[in-house]
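Let me begin by presenting the structure, written as structure tokens, before commenting on it.
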Amino acid sequence: MDNQYPRCILSSQLFHKYGGVHVTLYNDILTWKDVWTITNNRSYGIGSKPQPASIHAYQVREIVAVHKTYINDQTKAAKHLLQNPYAFTVFYVRRMKQHQWQCDEMAFHCSDQDLCERWIQAINDQLSLQTDRPKSLLVYVNPFGGKRQGKCIYDQKVAPLFSRACISTDVIGSTDCTCFATVGTNDAVTSALHIIIGDSQPMDVCSVYHGDTFLRYSVTLLGYGFYGDILSDSEQKRWLGPARYNLSGVKTFLTHNYYEGTVSFVPAEDDMGSPRDKEPCRSGCCVCQRKASLKASQSDVPGEKETCDTDNWTEICGKFIAINVATMSCASPQSWKGLSPSAHLADGTADLILVRECSRLDFFKHLLRHTNKEDQFDHSFVEVHRVRKFRFQPSHQETVSLEDMKPDSSPICSEATRCHCHDCACSHWTCDGEILPHVDIQASVQCQLITLFARGIEETHGPGEHLGWLPEAGPHQSAG
């Protein structure tokens, strides 16, 4: 017998509200197939037209729960259901449009109480094998604690420990780019269902330093120039709410500042692909899985590896309108592809995007491509690199330090040090929506440092195609 097909656990002729069904539980799939359907019962919303027979298949891992259902003569139900009073309800994940999920349910009826309890037990037994599911819904949002981790924060020669705790995706941010890059939507119900069924998605994190001083972790975007100016200006307009970003964006675009400095980076290995290879990171991404396998095969213990002194650094000097370091695609409702559409979630790299000095019209064309399907890097003044490490040194002396900042103020230069021409002295780095207190920074990508309750963006499929196998596709082995 070919072992590629799931093993049949239980199979029975049951009933649901639309008629008779043949229900089969495999070790990893639950299916039901229409045997006969109600053709004319308006009182139950069925309609007068016959419904075509269909096969429904759902992964056991995507079953949320199963419970016994109680009905009696007073229950409003079809006659064939009242004749089969013993029932159980299966709650499962149903895929909607635009990567959204919802919790759906289906009640199955039979005339035998023992058979009903057998079904409940069989499904629960399979659910108990889903060991990745959280034992409770208490979610830790700070996976970087511990004495060892504290040492790692301040010592660049010691790699941070790899977090084994899952954290949930954020659905309350300004752009929700983490949700869009890891799930495909910022729908709160979808994120909750990913937590419940125990989905797990490793993710890279970028550690940011000023000299030997740790500043912050970045999981989405480090931005200097255009995006840094937008954020620093919008901080003064918080009373406007979300509209402040649009106003500050227009103001920053019209100002059209550019900044001079030196960008240095360590390029990724040749086998890590390119930011322009048009291979977006999706659920089950082969690039990220290959990196995970390589990490698992390494003999050295995570956290003890010393920084390599033989890194080959590439240096670029010039005047830049924007410098962006994207650890993920940074997709959002305003930019469905994101700032770097082919950036991967867990390959140990980030995409460095350099927008050099150009006309306001050319820069507008670049920004416009964030919202359409054209290649946003296909401009002579834009270059992009896949990197493991990065650093930036401004040409002008940095004017802001941690000691100069007030607790309730943003690190904005004084009028005495701000020049009034296009070649402004300094901009600010934004790190996941927060302003950094230093311009002279260096960053290193920590491969798969954290784990999210997510799965990665799934490819769009027809009904049941995401399973990769349907019962009618081949033989199966019955459990008797």
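For reference, positions follow the sequence shown, starting with 1. Everything quoted here is computed from the prediction, not taken from an experiment.
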Cut-off 3.5 Å, side chains only: do [X] and [Y] have a donor facing an acceptor?
X: His99; Y: Thr190; value: no
X: Asp347; Y: Thr349; value: yes
X: Ser234; Y: Ser248; value: no
X: Ser200; Y: Asp132; value: no

Item checked: Verdict with supporting geometry, Tyr217 and Val208, side chain to side chain contact (heavy atoms under 4.5 Å, CB included) -> CA-CA 6 Å; Tyr217 282 110; Val208 187; over 6 Å; no
Results of side-chain hydrogen bond (donor to acceptor under 3.5 Å, both in side chains) for [X] - residues two or more places apart only:
X: His385; answer: Glu383
X: Lys237; answer: Asp233
X: Thr89; answer: Thr69
X: Ser329; answer: none

Under 4.5 Å between any side-chain heavy atoms of [X] and [Y], yes or no?
X: His344; Y: Met272; value: no
X: Ile197; Y: Gln130; value: no
X: Phe108; Y: Val21; value: yes
X: Val205; Y: Thr327; value: no
X: Cys431; Y: Ser218; value: yes
X: Asp204; Y: Leu345; value: no
X: Arg369; Y: His379; value: yes
X: Leu14; Y: Leu115; value: yes

Item checked: Of Leu81, Val35, Val23, the residue whose pairing with Phe15 passes side chain to side chain contact (heavy atoms under 4.5 Å, CB included) -> Leu81
Might you point out which heavy atoms bring [X] and [Y] nearest each other, and give the distance in Å?
X: Gly273; Y: Arg386; value: C-NH1, 3.7 Å
X: Lys295; Y: Cys447; value: CD-SG, 3.5 Å
X: Pro275; Y: Ser342; value: O-CB, 3.5 Å

Any carboxylate oxygen within less than 4.0 angstrom of a Lys/Arg side-chain nitrogen, looking at [X] and [Y]?
X: Asp375; Y: Arg276; value: yes
X: Asp311; Y: Lys389; value: yes
X: Arg94; Y: Glu62; value: no

Among all residues two or more places apart in sequence or in another chain, which pass the side chain to side chain contact (heavy atoms under 4.5 Å, CB included) test with [X]?
X: Tyr86; result: Cys110, Gln113, Cys116
X: Glu279; result: Asp277
X: Ala122; result: Ile9, Leu10, Leu25
X: Pro267; result: Phe265, Thr314

Note to self: Can you list everything that forms a ring pair (Phe, Tyr, Trp, His ring centres under 6.0 Å) with His194? Sequence neighbours excluded, please.
What the structure shows: Trp101
Next item on the list: Could you list the residues that satisfy ring pair (Phe, Tyr, Trp, His ring centres under 6.0 Å) with His67, not counting sequence neighbours?
Entry: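 Checked His67 against ring pair (Phe, Tyr, Trp, His ring centres under 6.0 Å); matches are Phe91.
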Next item on the list: For the pair Phe377 and Ser340, evaluate side chain to side chain contact (heavy atoms under 4.5 Å, CB included) and give the outcome as yes or no after the intermediate values.
Entry: CA-CA 9 Å; Phe377 305 134; Ser340 188; 4.2 Å; yes
Return yes if some donor-acceptor pair links the side-chain N/O of [X] with the main-chain N/O of [Y] below 3.5 Å, else return no.
X: Gln376; Y: Leu339; answer: yes
X: Ser335; Y: Ser332; answer: no
X: Asp432; Y: Thr220; answer: yes
X: Asp378; Y: Glu374; answer: no

Next item on the list: For His16 and His109, run side chain to side chain contact (heavy atoms under 4.5 Å, CB included): C-alpha distance rounded to whole Å, both residues' side-chain angles, the deciding distance at 0.1 Å, then the answer.
Entry: CA-CA 6 Å; His16 60 26; His109 296 248; 5.7 Å; no
Residues 281-294 side chain polar contacts: donor-acceptor under 3.5 Å, at least two apart:
{"unit_1": "Ser283", "atom_1": "OG", "unit_2": "Arg455", "atom_2": "O", "d": "3.0"}
{"unit_1": "Arg290", "atom_1": "NH2", "unit_2": "Asp271", "atom_2": "O", "d": "2.9"}
{"unit_1": "Ser293", "atom_1": "OG", "unit_2": "Gln289", "atom_2": "O", "d": "3.1"}

Check: With ring centroids as reference points, do Tyr58 and Trp32 lie under 6.0 angstrom apart?
Finding: yes
Margin query: So, using salt bridge (charged side-chain N to carboxylate O under 4.0 Å, His left out) as the criterion, who are the partners of Glu105 when residues are at least two apart?
Written below: none
